[in-house]
**Student:** 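Dropping the structure in here first, questions after.
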Amino acid sequence: MEVNNLPQMDPRALKATSVKAEDEHANSAEPQALKITAASSNPKMFTLPWHKPLATWPEDLLANLPRGISRHVVRFVHVGDEVYAMKEITRQVAEREYEILRRLQKLELPTVTPIAVVTGRHDKNGEPLEAILVTRHLKFSLPYRALFARNLQHDTAERLIDALAVLMVRLHLAGFYWGDVSLSNVLFLRDADAFSAFLVDAETGDLQVQLTDGQREYDIDLARTNIIGELMDLASGRLLPSDVDEIEVGNRLVDRYHSLWSALTDTDKFGPDEMWKIEQRVNKLNELGFDVDELEMKTAEDGKRVLVRPRVVDAGYANRKLLRLTGLDVQENQARRLLNDLDAYRASTWRDGEELEIVATDWMREVYEPTVRMIPRDYRSQIEPAQFFHEVLDHRWFLAEKAGHDVPMAEAVTSYIDNVLPKYKLDKKDLDELNAEADSGVVDDEYTYGDYDGYNPDDDPDAAVWSH
């Protein structure tokens, strides 16, 4: 009896959701009554004005947060104590995206969290309305244009590209074909001196058992093309530093992706006396933020070499270690920085011989918690505590170098709050401009067009392309 060695779909993804999207070209009847399929038990969901087009929802429900450019109407909505992102799209697309996002979430991939898909919407006159996909707002995240609206470091574009390369590799390893890679379809979180990228738009994606090289290369090439165009758009609006070469940044994505993919998937050949290189390979992957769950090792045909290849690689090596020690769930580079400070605390208190878990408890109580409690109330929705702690450490080092001696932590925090933290404020004028620009990209909802005579979106061939 032959054993089937073909790769299989991860059972976590197979059992992720009860929603099974139809083919988008199917002509099945629309639901006649409101239907909410939700992964959340938030009862406030049922009190929302589903009978109104999303673009006309009352201001008191909306959260004034920066939105990225989208082809569809998108709004951030207060639902009880939560903030949800609502996107108005066709039923088939909404159900399909909800299904895909649920599967990706079960695989613990960096995406926005799907909350619900709402179908069977009708206005007060009984006319059908488009469905709405509901996702949880990714707290502290920003679309790329909002990042460039602030005075950031000159290498911001490169750091965003590095984060996007990591996201693409993780999605491709899991068998996710994106089909529409761009900065606009990603949200970014600050992660120490880098960024973390999260998939926010999966309309064109498809989760498979394993991608072909051709599928991966198509995603990479499309990403490069889209990113160059988006950066050129930023440059035309004078949001991009003049010394940034858009084409070079696009090429950087290709190089970073291939370098990381090779590090994670290549097979190494070692001699019998070079087995120490296996540990070196694992350490390199750990430094990249990946944890090796399993190594595949076998003898080469000549019997003189050992072939070693990682079989299962998970991101979040430092994150999981910090979570185990302190209960803090933060981004990977933030975790690495906090672990370094924990090590420094352990050495400075002469406790190298003590259990790290005990030292970590004291570090939390004596160092981390007193520092993050100093975040001003007005900024607690603007910056993550772990990012605040990281930046305070950087600022403390800068002050100490300038003064020629150590600076107390409390003094460093006060100086940071006064001189650095204000850069996180996105003023109302910038926010309004960003959201107006985001709305200008919407082409598939008749309620977003003006009241001028003669326009019918059903007769607009470009609107038809985008909406279908």
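Since the model is a prediction, treat every value here as computed from it, not as a measurement.
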**Student:** Just how far is it from atom CZ of Arg346 to atom CG of Asp341, taken to the nearest 0.5 Å?
**Tutor:** 14.0 Å
**Student:** Any chance CD1 of Ile247 has more than 12 other-residue heavy atoms, nucleotides or ligands included, within less than 6.0 Å?
**Tutor:** no
**Student:** Just wondering, are more than 12 heavy atoms of other shown residues or ligands nearer than 6.0 Å to CZ in Arg238?
**Tutor:** no
**Student:** Counting neighbours of CG on Asp352 that are heavy atoms of other residues, nucleotides or ligands and sit closer than 6.0 Å, is the number greater than 12?
**Tutor:** yes
**Student:** Between Glu437 and Arg145, is there a salt bridge with N-O shorter than 4.0 Å?
**Tutor:** yes
**Student:** With no hydrogens and no angle check, is any side-chain donor or acceptor of Asp191 less than 3.5 Å from a backbone partner on Ala194?
**Tutor:** no
**Student:** Only one of Glu391, Arg396, Glu411 passes side-chain hydrogen bond (donor to acceptor under 3.5 Å, both in side chains) with Tyr416; say which it is.
**Tutor:** Glu391
**Student:** Give the ring-plane orientation class for Trp178 versus Phe176, where under 30° counts as parallel, over 60° as perpendicular and anything between as tilted.
**Tutor:** tilted
**Student:** Please report whether the ring centroid of Phe388 lies less than 6.0 Å from that of Tyr379.
**Tutor:** no
**Student:** As an exercise, state the distance from CG of Asp180 to CG of Asn185, rounded to the nearest 0.5 Å.
**Tutor:** 5.0 Å
**Student:** Apply side-chain contact (heavy atoms from CB on, under 4.5 Å) to Ala63 and list each qualifying residue two or more places apart in sequence or on a separate chain.
**Tutor:** Leu65, Phe76, His78, Val83
**Student:** Taking atom CZ of Phe198 as the centre, report whether more than 12 heavy atoms of other residues, nucleotides or ligands fall under 6.0 Å from it.
**Tutor:** yes
**Student:** Hey, is Arg136 close enough to Glu82 for a salt bridge, meaning N to O under 4.0 Å?
**Tutor:** yes
**Student:** Would Arg337 and Asn340 count as a side-chain hydrogen bond (donor to acceptor under 3.5 Å, both in side chains) here? Give the steps.
**Tutor:** CA-CA 5 Å; Arg337 184 63 187 276; Asn340 287 341; over 6 Å; no
**Student:** Quick one: pull up NZ in Lys87 and CZ in Arg71 and give me the separation to the nearest 0.5 Å.
**Tutor:** 8.0 Å
**Student:** Kindly say whether Leu54 contributes a backbone atom to a donor-acceptor pair with the side chain of Glu88 at under 3.5 angstrom?
**Tutor:** yes
**Student:** Please determine whether the number of non-hydrogen atoms from other residues, nucleotides or ligands lying under 6.0 Å from atom CD of Glu357 exceeds 12.
**Tutor:** yes
**Student:** side-chain contact (heavy atoms from CB on, under 4.5 Å) with Val254: which residues, sequence neighbours excluded?
**Tutor:** Ile220, Arg224, His258
**Student:** Salt bridge between Asp193 and Arg159, side-chain N to carboxylate O under 4.0 Å?
**Tutor:** no
**Student:** Quick one: do Lys44 and Asp81 make a salt bridge, cutoff under 4.0 Å?
**Tutor:** no
**Student:** Within the structure provided, determine whether Gln105 and Pro114 are in side-chain contact (heavy-atom separation under 4.5 Å).
**Tutor:** yes
**Student:** Check each of Arg103, Arg102, Arg96 against Glu99 using the side-chain hydrogen bond (donor to acceptor under 3.5 Å, both in side chains) test, and report the only one that passes.
**Tutor:** Arg103
**Student:** Excluding sequence neighbours, so at least two apart, what forms ring pair (Phe, Tyr, Trp, His ring centres under 6.0 Å) with Phe389?
**Tutor:** Trp363, Tyr368
**Student:** If the threshold is 4.0 Å, N to carboxylate O, is there a salt bridge linking Arg252 and Glu248?
**Tutor:** no
